[in-house]
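Below, chain A is the first sequence line, B the second, and so on; all start at residue 1. All figures in this text were calculated on a predicted structure; none of them were measured in a lab.
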2 protein chains.
Amino acid sequence: MLYSKSAEYAIQAMIYLSENKSEKPIMISKIAASYDIPYQFLAKIVQTLVKQRLVKATRGRNGGINLGRPSHEIYVNEIVHAIDGPPPEREQCVIGLDLCSDETPCPLHDKWKPIRYKIAEMLAGEHLDDLAERVTAKREKMKK
Amino acid sequence: MLYSKSAEYAIQAMIYLSENKSEKPIMISKIAASYDIPYQFLAKIVQTLVKQRLVKATRGRNGGINLGRPSHEIYVNEIVHAIDGPPPEREQCVIGLDLCSDETPCPLHDKWKPIRYKIAEMLAGEHLDDLAERVTAKREKMKK
DNA sequence: ATTATATAGGATTATAAGGTCTTGTAATAT
DNA sequence: ATATTACAAGACCTTATAATCCTATATAAT
Ligand code: FES
Ligand code: FES
C-alpha cells in the first residue's frame with residue numbers, strides 16, 4: 001500500500017532495536033522470531049540497512065545489529081527509502097493519466113493531492129523514539 | 001498503490017465509455033489504443049466488468065461495449081472492487097502489527113486512520129459522470 | 001450460406017516481489 | 001589453534017500480477 005513488505009519488516013526491526021536499546025548487539029534471529037518474520041528474509045533486508053548506514057552490524061559470536069544513529073534521529077521515511085528506493089522525482093497520477101500536475105489535473109487530482117501530502121507528512125514526521133514508546137504502550141494494553 | 005494496474009486500466013476504460021456516450025457499442029481495441037493499454041489485457045479485464053454488469057458487451061461485427069448503467073450511477077470504488085475484489089472485512093495495520101483497532105493502536109494509527117478514511121471517501125464519492133467531464137477538461141488544457 | 005469482425009475464454013509466458021538454501025567470512029570463547 | 005557463532009552474499013525457488021497467444025463463438029453485412 002504505502003511501502004513493500006520488505007520495508008514493513010525493516011520498520012518493525014528498527015522499532016525492535018529502538019525498544020531494546022543496549023550496547024550489546026541484538027541478533028537478527030531474535031528480532032525475526034519476535035515479529036514472526038522469516039529469518040533469512042530479514043537477514044537480507046538488514047544487509048541493505050547496513051549498507052545505508054541505518055544499522056551497524058557486528059559479526060561473529062555474540063554479534064548482532066544496533067541502530068546506526070540515535071533513535072530520535074531516524075525517521076520512518078528514511079527506512080522506506082532505504083529499502084524501496086527513493087521516491088519518484090515527478091509524481092505519478094493516481095489513475096495513470098500522464099504526469100500529475102496542478103495545471104493539468106486528472107479528475108481525482110484535487111482530492112488525491114492533499115492525501116498524498118498527508119501520507120508523506122506522516123512518514124517524515126515520525127522518528128523511531130516515538131514509535132518505540134507507543135509500541136511498548138500497545139503491548140502493555142494487549143496484555144490486559 | 002490504491003489499486004492494481006488492472007483496476008487502473010478498468011477505470012480508464014470506463015471513463016472513456018463515459019466520455020464517448022453513444023448508443024452504438026465502442027470497440028475495446030479503440031479504447032486500448034486511446035489509453036495505450038495492451039489490447040488483449042484490456043479485453044480480459046473487460047470480461048470481468050461484463051460479469052459484474054458494469055459494462056454490457058455486444059458481440060460480432062459492429063460489436064463493442066457500453067456502460068452497464070448510467071454514468072452518474074457508477075462510482076469508482078465499484079470498479080476497483082469489481083476487479084481487485086471486495087475490501088478486507090477487518091482493517092489491516094499500516095505497519096503490520098496485528099489487527100488495527102482504536103483500542104490497541106500502533107504508533108502510526110492515529111495519523112493513518114483519517115488518511116485511510118479520506119481515501120475511501122475519495123473513491124466512494126466520485127461517479128463516472130464527474131470524472132469524464134473533468135478528463136475532457138484536462139485534454140482541452142493539454143492541447144493549448 | 002458465407003465471410004468478416006468483435007468479444008469470450010482457456011493456456012501460456014514474463015516479470016517482479018517474496019522467500020529459501022547454501023556457502024563464505026569475520027569475530028570470539030575455549 | 002580451533003570450533004562455534006553470527007552476519008554476508010549469491011544462487012535459487014515460489015507466488016502473484018501483468019501481459020500474450022490462440023482458438024471458439026456470436027453477430028451482422030454481403
Ligand atoms: S493528475 Fe492525476 S493525480 Fe494529479
Ligand atoms: S493499529 Fe496500526 S494502523 Fe491501526
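Computed from C1' positions of five pairs at each end, the angle between the two local axes of the helix from dA1(C)-dT30(D) to dT30(C)-dA1(D) equals 10°, rounded to 10 degrees.
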Do any N or O atoms of the protein come closer than 3.5 Å to N or O atoms of nucleotides 8-11 of chain D, and which pairs are they?
from	atom 1	to	atom 2	distance (Å)
dA8(D)	O4'	Arg59(A)	NH2	2.6
dA9(D)	N7	Gln47(A)	NE2	3.0
dG10(D)	N7	Lys44(A)	NZ	3.3
dG10(D)	O6	Lys44(A)	NZ	3.1
dA11(D)	N6	Lys44(A)	NZ	3.0

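One interatomic measurement links the two molecules: NZ of Lys24(A) to C1' of dA6(D), which rounds to 15 Å at whole-angstrom precision. One can place CD1 of Ile37(B) at 13 Å from P of dA18(D), the figure rounded to the nearest angstrom.
Contact annotation: Asn62(B) reaches the phosphate of dA29(D) (side-chain N/O to OP1 or OP2, under 4.0 Å).
Distance check: Thr48(B) OG1 to Ile79(B) CD1 gives 13.0 Å after rounding to the nearest 0.5 Å.
Just one of Arg134(A), Lys21(A), Arg69(A) meets the salt bridge (Lys or Arg N to Asp or Glu O under 4.0 Å) condition when paired with Asp129(A); it is Lys21(A).
Taking the side chain of Arg61(B) as heavy atoms from C-beta on, and the options dA18(D), dT27(D), dT20(D), the nearest nucleotide is dT27(D).
A pairwise comparison of heavy atoms in Met122(A) and Ile115(B) identifies SD-CD1, 4.2 Å as the closest pair. Closest heavy-atom contact between Ala7(B) and Asp84(B): CB-OD2, 3.5 Å. Nearest heavy atoms, Pro25(A) versus Asn66(A): CA-OD1, 3.3 Å. Taking every heavy atom of both residues into account, Ile45(B) and Ala10(B) meet most closely at CG2-CB, 3.9 Å.
Residue contacts shown for Tyr39(B) include a base, since a base heavy atom lies under 4.0 Å away. Backbone-only engagement by Gly63(B) is indicated by non-hydrogen atom pairs under 4.0 Å involving sugar-phosphate atoms exclusively.
Shown here are the side-chain hydrogen bond (donor to acceptor under 3.5 Å, both in side chains) partners of Thr104(A), two or more places apart in sequence or in another chain: Ser101(A). For His127(B), the ring-ring contact (aromatic ring centres under 6.0 Å, His included) partners two or more places apart in sequence, or in a different chain, are Tyr75(B).
First and last contacting nucleotides of DNA chain C toward chain B (any atom under 4.0 angstrom from a heavy atom, 5' to 3' order): dA4(C) to dA11(C).
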Which atom pairs, donor and acceptor, lie under 3.5 Å between side-chain atoms of residues 27-43 of chain B and protein residues at least two apart or in another chain?
from	atom 1	to	atom 2	distance (Å)
Tyr35(B)	OH	Arg139(B)	NH2	3.0

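Heavy atoms from other residues, nucleotides or ligands lying under 6.0 Å from NZ of Lys113(B) number 12 at most. Atom CD of Glu121(B) has more than 12 neighbouring heavy atoms from other residues, nucleotides or ligands inside a 6.0 Å radius.
Nearest-nucleotide mapping onto DNA chain D: of Thr58(B) and Ser29(A), the residue sitting toward the 5' end is Ser29(A).
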